Amino acid sequence: MITAGVDIGAKTVKMVILKDGVNIGQALITAGYDVQRSLKEGWKEGLFTAGIEMNQIDRIMATGTGKKEATMAHDQVTEISAAAKGSVFLDKQIRTVIDVGAEEARVIKINAVGRVVDFAINEKCAAGTGAFTEAMARALEVTLEELGPLSLKSTQAVAMNAQCAVFAESELVSLVHAKTPKADMARAVHDAIADRIVSMVRRVGMEKEVLLIGGMAKNVGFVASLKRELETEIFTPDQSEFVSALGAALIAAGK
Amino acid sequence: MIANFGFKDGSGEFFISLDTDKCNGCGDCIPACPGSIFEVRDEDPNDPFREIPVAAVKESERRKIKYTCGLCKPVSDHPPLPCVGACKAGAIAHSW
Amino acid sequence: MPQEFWRWIESRWTAPDKEWRSAKVITAGVDVGSVSSQAVVMTDGELYAYSNMRTGSDSPNSATNAMNRALEGTGLTLDKIQYTVGTGYGRVNVPFSQRAITEIACHGRGANFLYGPTVRTVLDMGGQDCKAIHIDEKGKVTNFLMNDKCAAGTGRGMEVFADLLGISINEIGDLSLKVEEEPPPVSSTCVVFAKSEASGLLREGWPKEKVIAAYSSAMAHRVVSLLERIGVEPDFAITGGIAKNVGVVSRLEKELNIKALTPKYDTQIAGAVGAALFARELVEKGK
Ligand code: SF4
Ligand code: SF4
């Protein structure tokens with residue numbers, strides 16, 4: 001059986017195509033403001049890598065905040081279920097999943113049989129999501145890709161008082177004027193998000209093992225801050241952005 | 001006076017209200033709170049002619065209470081809050 | 001990338017019919033906000049002079065500048081002022097003040113003086129915060145909240161939009177009223193997300209006035225929900241910089257179904273007026 005999962009996030013569209021539980025194709029498209037176009041592009045790429053045609057896919061499952069846009073999908077599944085499913089598939093030991101995307105963050109607690117027992121979501125405020133790093137990179141005049149590695153060079157923690165992305169941006173601008181080293185500010189940025197995520201983790205109650213997924217899992221600076229604050233090892237899958245799409249494809253296959 | 005400390009942001013409203021007419025400044029809330037967010041001041045900066053001490057949420061904590069109070073608010077359970085329980089005068093309430 | 005915040009016109013005023021030399025008690029209030037600073041001088045509990053200036057990079061200087069400007073041309077000097085109260089975000093940094101009182105208490109008191117004893121609800125929308133205050137007939141605060149965590153619902157949020165659209169903050173209010181039909185409000189509260197939403201709308205071909213109308217009504221809606229937490233009771237007064245934005249004020253009035261009282265003076269001086277009134281009371285109590 002061939003199934004597909006499509007995850008429509010705020011910034012990217014991801015898809016995973018499975019044949020009998022094996023990944024045969026995937027795609028990640030940076031969603032422009034035209035989601036339909038990104039979907040079309042995504043399918044083209046995904047189907048090409050899988051070497052199949054659209055009509056060969058038996059079942060398509062959509063997830064993500066924009067899941068309603070996926071008109072070709074047979075059904076929808078919540079972001080929580082998809083993330084949990086994908087995570088457990090990757091590693092059965094996972095009990096806590098932290099999913100930090102561009103505009104949302106989630107912490108999910110899973111029991112020994114892979115069922116979701118609790119979750120917390122942060123949405124609608126940029127301060128606890130990837131959007132925060134994006135705004136801060138702009139203030140520091142570095143690219144988003146540079147921000148993570150930069151923060152690892154920090155020698156001294158600086159405090160950031162602002163809790164809001166908008167106020168934090170101006171705070172960073174004045175810190176730049178005060179000649180604060182950029183590496184220290186980059187670390188402060190990641191510490192700030194990690195703080196907010198940690199409080200969500202505490203609310204659901206952390207159990208090991210811990211998996212970090214979503215776009216922010218690729219940010220080494222954030223991963224370091226999170227590890228430091230949670231005082232535990234955190235696993236990050238190689239293709240952290242695809243975990244939810246994978247989960248959706250697995251659910252489509254009835255797994 | 002009802003003093004609401006906290007904030008509203010895109011994700012919701014998070015306020016701790018202190019009824020300063022009920023608060024006698026005893027300070028029982030301070031050790032009860034694992035997040036150490038309370039303080040008692042001799043003068044109420046919001047009410048310059050008040051004669052007795054009054055509790056408040058520390059200035060540095062006001063913008064973070066959603067995160068700090070997460071300690072006492074597990075998602076699927078609603079245990080009694082330590083601060084609310086510690087205040088014999090019944091001056092403390094949470095909006096969320 | 002230096003950031004320019006509010007660019008309200010600075011102002012100053014002296015009572016045409018008063019003479020400080022014949023006054024018994026001269027007090028002052030200085031409100032050092034994040035964006036603008038005001039100094040108010042009162043003679044025997046009446047308004048004598050005030051100034052409204054931009055806040056500079058440090059609070060003590062801003063306080064001194066505002067005070068000097070208020071005193072300009074009056075012949076009155078600092079040493080003749082018996083008591084000065086500092087308020088606002090920089091209240092502890094007013095070098096010549098004897099005491100600091102929060103802007104909550106001062107706004108309540110000031111609104112009572114400026115708008116009369118019937119005022120019960122005061123909304124102050126500043127550059128970086130938003131306050132909702134319920135007061136009694138004496139101007140004493142009975143319920144309040146202050147939101148300074150989130151940029152939504154503050155002048156700063158509006159500034160982000162002014163920048164995005166390339167229009168001056170002074171024109172935004174009028175412009176937002178130039179729409180034939182009221183568009184649906186921007187759906188995100190968060191300024192960061194609202195900004196990307198607005199960029200999308202601009203790309204879709206929405207004219208600037210429609211985008212700013214959509215944001216102004218979202219902002220009004222947000223403030224209404226804050227006000228509801230303390231309970232909205234007439235009369236209603238709006239102070240602070242946003243009070244000068246007709247686009248937000250008119251939408252707020254419509255949603256609340258209450259007209260805000262029309263100010264006689266600069267809407268930004270309420271905090272400093274309250275501070276000067278407290279100063280007088282403190283002189284009388286010998287504190
Ligand atoms: S809920 Fe807990 S952390 Fe929050 S104020 Fe009360 S005791 Fe403190
Ligand atoms: S404006 Fe700031 S605090 Fe408000 S919702 Fe956005 S990021 Fe959060």
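Numbers restart at 1 for each chain; the letters A, B, ... are given by sequence-line order, proteins then strands. On a predicted model such as this, the values are computed, not experimentally measured, just so you know.
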Review point. On the ring face of B:Phe14, is C:Lys149 found with NZ or CZ under 6.0 Å from the centre and within 45° of the axis?
Key: no
Would you indicate whether the side-chain heavy atoms of [Y] and [X] approach each other to under 4.5 Å?
| X | Y | result |
| --- | --- | --- |
| B:Asn46 | C:Phe144 | yes |
| C:Asp148 | B:Arg63 | yes |
| B:Pro48 | C:Arg99 | yes |

**Study point:** Contacting moiety of C:Ser225, where chain B heavy atoms sit under 4.5 Å
**Key:** both
Practice item. Pick one of side chain, backbone, both or neither for C:Asp136, based on which atoms fall under 4.5 Å of a heavy atom in chain B. Key: neither
Exercise for review: Evaluate side-chain contact (heavy atoms from CB on, under 4.5 Å) for B:Met1 paired with C:Val141, printing each intermediate quantity in order.
Suggested key: CA-CA 6 Å; B:Met1 171 170 72; C:Val141 178; 3.6 Å; yes
Review point. When only pairs under 4.5 Å are counted, which of C:Val191, C:Ile230, C:Thr142, C:Thr189 shares the most heavy-atom pairs with chain B?
Key: C:Thr142
Point to revise | C:Arg222 side chain to B:Lys8 backbone, donor-acceptor under 3.5 Å | key: yes
Check your understanding: So, the side chain of C:Thr102 versus the backbone of B:Pro45: is there a donor-acceptor pair under 3.5 Å, distance only?
Key -> yes
So for atom [atom1], which belongs to [X], do other residues, nucleotides or ligands contribute more than 12 heavy atoms lying within a distance under 6.0 Å?
| X | atom1 | answer |
| --- | --- | --- |
| C:Lys254 | NZ | no |
| C:His221 | NE2 | no |
| C:Tyr89 | OH | no |

Check your understanding: Do NZ/NE/NH1/NH2 and the carboxylate oxygens of C:Lys140 and B:Asp47 come within less than 4.0 Å?
Key -> yes
**Study point:** From C:Asn147 atom CG to B:Asn4 atom CG, the distance as rounded to the nearest 0.5 Å
**Key:** 11.0 Å
Review point. About how many Å separate CG of C:Leu145 and CZ of B:Phe5, when rounded to the nearest 0.5 Å?
Key: 11.0 Å
**Study point:** Plane angle bin for C:Phe278 and B:Phe49 - parallel if under 30°, tilted between 30 and 60°, otherwise perpendicular
**Key:** tilted
Check your understanding: Can you name the nearest heavy-atom pair linking B:Phe15 to C:Met146, along with the distance?
Key -> CE2-O, 4.3 Å
